[in-house]
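Accompanying notes for the structure given below.
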Amino acid sequence: MKGFIERAVNVFQKRKTEQKSTALLQPKQDILAVEMPVSLVYNGISHAVMMCSPQDLADFALGFSFTEGIIEKPADIYGIDVVEGCDGIEVQIELSSRQFMALKAHRRNLTGRTGCGICGTEQLSQVYKNLPKLDRTFQFDLCLLEDCLATLQAHQQLGQQTGATHACAFFDLQGKLLAIREDVGRHVALDKLIGWYIKAGKPQGFIIASSRASYEMVQKVVSCGVELLVAISAATDLAVKMADEHHLTLIGFARGGKGNIYSGKERLIF
């Protein structure tokens, strides 16, 4: 299923003549991002329903399962089937018996609005995950970042068509784009990218997100071992505290050859 549809709309545009300004109305085809419910079903039991764009859903299932702590490695999932229905899409995930028993022991009901990171969490203790501190294994030349940002923008196909989606992209340390994933929800876009990252064997590099850097975004990045997160928009206070605590390099407001370095500047070459 495509991530966009076309719909007829009426467009108004203000035009100025010699004597006065006039609003003209004319019909046009507009392109809209598809937003639909996607149910993640583990061994026949529905665990979460998220509002998503309907592509790269196998990557989403893998990434979500990993960042939520449902699996420890890709081999914990035996199979993923994407089944379209009348009311939405089911992603049917066959989980190992060991991980399924653990999931049932800590199961939460989660119905997520678009881009929601913690909807359905039952206890405050479930919000913060106990994650290890990141190793410092590389340095990145900041002179490469501007080209990476331009590459991200050029490859946001769904965003260019609709203006209604977020993107998360993975770059190697030489600034080469390795993968990009888009979605109406920023958390889902990141989970999709992390699903790709895990399948690709966790290559060395960093993530750029077209959104703000909230604490959930930082937590997801830390959970998969990526050491550098670059956000186009702002970072929140809790995101910076979490990045500091877990030794993540966090950059916000990255655009046009500038940005704010909130933590981890020792990984950066100026």
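Numbers here are sequence positions counted from 1.
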Donor-acceptor contacts under 3.5 Å from residues 77-93 side chains, at least two apart:
from	atom 1	to	atom 2	distance (Å)
Glu90	OE1	Gln92	NE2	3.0

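- Between Asp191 and Lys220 there is a side-chain heavy-atom pair separated by less than 4.5 Å.
- The backbone N or O of Asp135 sits nowhere less than 3.5 Å from a side-chain atom of His247 that would complete a donor-acceptor pair.
- Note on Leu40: it clusters hydrophobically with Trp196, by side-chain heavy-atom contacts below 4.5 Å among ILVMFWY residues.
- Annotation: the span from Lys258 atom NZ to Ile251 atom CD1 amounts to 14.5 Å, rounded to 0.5 Å.
- Scanning all heavy atoms of the two residues, the minimum distance from Pro37 to Val49 falls at CB-CG1, 4.0 Å.
- You'll find the side chain of Val188 stays beyond 4.5 Å of the side chain of Phe64, heavy atoms only.
- With Glu227 contributing its side chain and Gly264 its backbone, the two residues share no donor-acceptor pair below 3.5 Å.
- Not a single donor-acceptor pair under 3.5 Å links the side chain of Asp56 to the backbone N or O of Asp59.
- Within the 4.5 Å cutoff, the side chain of Ile180 has no heavy atoms near those of the Thr151 side chain.
- Evaluation of the side chain to side chain contact (heavy atoms under 4.5 Å, CB included) rule for Asn10 yields Leu25, Pro27 as partners, not counting sequence neighbours.
- The CZ atom of Phe253 sits 14.5 Å away from atom CD1 of Ile261, with the distance rounded to the nearest 0.5 Å.
- Classification of the Tyr42-His47 ring pair by plane angle, with boundaries at 30° and 60°, yields perpendicular.
- In this structure the side chain of Asp141 never reaches within 4.5 angstrom of the side chain of Phe270, judged on heavy atoms.
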With side-chain contact (heavy atoms from CB on, under 4.5 Å) as the test, would you mind laying out the steps for Ile232 and Arg255 before giving the verdict?
-> CA-CA 7 Å; Ile232 302 297; Arg255 60 191 73 178; 3.9 Å; yes

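- The side chain to side chain contact (heavy atoms under 4.5 Å, CB included) test applied to Val226 returns Phe170, Tyr197, Ile207, Val221, Cys224, not counting sequence neighbours.
- Evaluated for a side-chain contact (heavy atoms from CB on, under 4.5 Å) with Val222, the options Leu229, Thr67, Leu134 yield exactly one hit, Leu134.
- A distance-only check finds no donor-acceptor pair linking the side chain of Asn260 to the backbone of Tyr262 [under 3.5 Å].
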Applying side-chain contact (heavy atoms from CB on, under 4.5 Å), run through Arg7 and Asp30 and close with a yes or a no.
-> CA-CA 5 Å; Arg7 172 166 294 201; Asp30 194 22; 5.6 Å; no

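- A donor-acceptor pair under 3.5 Å is formed between the side chain of Ser263 and the backbone N or O of Leu248.
- Within the 3.5 Å criterion, the main-chain N or O of Gln157 finds a donor-acceptor partner in the side chain of Glu182.
- What you find for Ala179 and Leu193 is that their closest heavy atoms are O-CD1, 3.8 Å.
- Every residue meeting the salt bridge (Lys or Arg N to Asp or Glu O under 4.0 Å) condition with Arg136, not counting sequence neighbours, appears here in chain and number order: Glu266.
- Taking Lys202 as the reference, nothing meets the side chain to side chain donor-acceptor pair (under 3.5 Å) condition, with sequence neighbours excluded.
- Cluster membership check: Leu250 does not share its hydrophobic cluster with Leu268, using side-chain heavy-atom separations under 4.5 Å among Ile, Leu, Val, Met, Phe, Trp and Tyr.
- Ile208 is connected to Leu144 through a chain of hydrophobic side-chain contacts under 4.5 Å among Ile, Leu, Val, Met, Phe, Trp and Tyr, so both are in one cluster.
- In terms of the salt bridge (Lys or Arg N to Asp or Glu O under 4.0 Å) criterion, residue partners of Arg98 (sequence neighbours excluded) are, by chain and number, Glu72.
- Linking ILVMFWY residues whenever their side-chain heavy atoms come closer than 4.5 Å, directly or via other members, leaves Leu228 and Leu131 in distinct clusters.
- Using a 4.5 Å heavy-atom cutoff, the side chains of Val11 and Lys28 are in contact.
- The two residues Val230 and Ala254 have their closest heavy-atom pair at CG1-CB, 3.4 Å.
- Residues Phe171 and Lys176 fail the side-chain proximity criterion, which asks for heavy atoms closer than 4.5 Å.
- Atom CD of Gln161 and atom CZ of Phe4 lie 4.5 Å apart (nearest 0.5 Å).
- Residue Ser211 comes nearest to Met217 through the heavy atom pair OG-CE, 3.6 Å, listed as atom of the first residue, atom of the second, then distance.
- Taking OG1 of Thr165 as the reference point, atom CD of Gln160 lies at 9.5 Å (rounded to 0.5 Å).
- Looking at Lys241 and Asp244, no side-chain N of the basic residue comes within less than 4.0 Å of a carboxylate O on the acidic one, giving no salt bridge.
- Nearest heavy-atom pair across Pro74 and Leu62 is CA-CD1, 4.3 Å.
- Using modelled atom types and a 3.5 Å distance limit, the side chains of Arg186 and Ser210 yield no donor-acceptor pair.
- The structure places SG of Cys52 at 5.0 Å from CG of Asp183, a figure rounded to the nearest 0.5 Å.
- Ala189 approaches His166 most closely through the heavy-atom pair CB-O, 4.1 Å.
- In this structure, Ile70 and Phe100 have side chains that are not in contact, with every pair of non-hydrogen atoms separated by 4.5 Å or more.
- Under a hydrophobic-cluster definition in which Ile, Leu, Val, Met, Phe, Trp and Tyr are linked whenever side-chain heavy atoms come within less than 4.5 Å, directly or via other members, Leu178 and Phe60 are assigned to the same cluster.
- With contacts defined as side-chain heavy-atom distances shorter than 4.5 Å, the pair Leu177/His155 qualifies.
- Of the N and O atoms on the side chains of Ser214 and Thr236, not one donor lies less than 3.5 Å from an acceptor on the other residue.
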What do the steps show when you test Val34 against Ser53 for side-chain contact (heavy atoms from CB on, under 4.5 Å), and what is the final call?
-> CA-CA 6 Å; Val34 173; Ser53 301; 5.9 Å; no

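- Remark: side-chain polar atoms of Thr162 are not paired, donor with acceptor, to backbone N or O of Leu32 under 3.5 angstrom.
- For Lys73, the NZ atom is densely surrounded, since the number of other residues' heavy atoms within 6.0 Å is greater than 12.
- Defined by atom type and a distance below 3.5 Å, a donor-acceptor pair is present between the side-chain atoms of Thr249 and Arg267.
- Note that OG of Ser65 is 7.0 Å distant from CG of Leu95, once rounded to the nearest 0.5 Å.
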